[in-house]
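As the structure is a prediction and not an experimental result, all values here were calculated from the model. All heavy atoms count here, side chains included; hydrogens, waters and symmetry mates do not.
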Amino acid sequence: MYNSSGLIRSKNTFQIQKYGNAIRSQLRDSSDQYVSELNDCCRALTSDLVQYDDDQILEQQIQHLERFTFNIAKFSALLPLLPNEVIVFPSAEEMKRFTNAFYLELIDECARKKNHYKSLVETEKIYTP
């Protein structure tokens with residue numbers, strides 16, 4: 001069985017949350033659609049971070065991991081669309097590369113979990129009369 005909580009609760013996630021918070025604090029009163037989407041995305045990331053548990057059944061782990069992965073991709077896609085008045089370090093382009101690399105790690109983790117689940121289901125079919 002693959003333990004994914006270390007990946008979800010990693011330094012990478014913390015950096016993304018910190019970056020999102022820096023953007024949100026600068027654009028607190030903004031009515032921009034993309035800022036609103038970024039806020040929703042950051043809330044969803046935090047929710048998935050808190051809800052994920054390696055002791056859950058494998059199907060639920062996969063669902064949480066997929067949702068978390070989707071929100072990382074969404075966060076990455078929203079970065080270039082932010083208003084120009086946002087001043088953050090590192091740059092949005094550099095952070096986009098960082099989140100894309102993290103996204104690829106998460107995709108690999110999802111694939112491993114899904115393959116593990118598939119092998120369990122197939123094994124159960126073989127041994128179930």
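Asp40 meets the side chain to side chain contact (heavy atoms under 4.5 Å, CB included) test with Ser36, Arg43; sequence neighbours excluded. For Asp48, the side chain to side chain donor-acceptor pair (under 3.5 Å) partners are Arg67, Asn71, not counting sequence neighbours. For Glu66, the side chain to side chain donor-acceptor pair (under 3.5 Å) partners at least two apart in sequence or on another chain are Lys114. Evaluation of the salt bridge (charged side-chain N to carboxylate O under 4.0 Å, His left out) rule for Glu37 yields Lys74 as partners, not counting sequence neighbours. With sequence neighbours excluded, the residues satisfying side chain to side chain donor-acceptor pair (under 3.5 Å) with Asn100 are Ser76. Taking the side chain to side chain contact (heavy atoms under 4.5 Å, CB included) definition, one finds that Ser47 meets it with Gln51, sequence neighbours left out. Looking at residues two or more places apart in sequence or on another chain, you find a side chain to side chain contact (heavy atoms under 4.5 Å, CB included) between Tyr34 and Asp32, Leu78, Leu81. Under the rule for a salt bridge (charged side-chain N to carboxylate O under 4.0 Å, His left out), the partners of Glu93 that lie at least two apart in sequence or sit in another chain are Arg97. A search for side chain to side chain contact (heavy atoms under 4.5 Å, CB included) contacts involving Ile107 returns Thr69, Tyr103, not counting sequence neighbours. Looking at residues two or more places apart in sequence or on another chain, you find a side chain to side chain donor-acceptor pair (under 3.5 Å) between Gln17 and Thr46.
Both Leu49 and Phe102 are assigned to one and the same hydrophobic cluster, defined by single-linkage of ILVMFWY side chains at heavy-atom distances under 4.5 Å. Note on Leu65: it does not cluster hydrophobically with Val50, by side-chain heavy-atom contacts below 4.5 Å among ILVMFWY residues.
Phe75 places a side-chain heavy atom less than 4.5 Å from the side chain of Tyr19. The closest side-chain heavy-atom distance from Phe98 to Pro90 is not below 4.5 Å.
Atom CD of Gln61 is separated from atom CG of Leu58 by 5.5 Å, given to the nearest 0.5 angstrom. Between Phe14 atom CZ and Arg9 atom CZ the span is 15.0 Å, to the nearest 0.5 Å. Taking CG of Leu45 as the start and CD1 of Ile8 as the end, the distance is 10.0 Å to the nearest 0.5 Å. Taking SG of Cys42 as the start and CG of Asn21 as the end, the distance is 8.0 Å to the nearest 0.5 Å. Atom CG of Leu38 and atom CG of Leu79 lie 7.0 Å apart (nearest 0.5 Å). The structure places CD1 of Ile23 at 12.5 Å from NZ of Lys18, a figure rounded to the nearest 0.5 Å.
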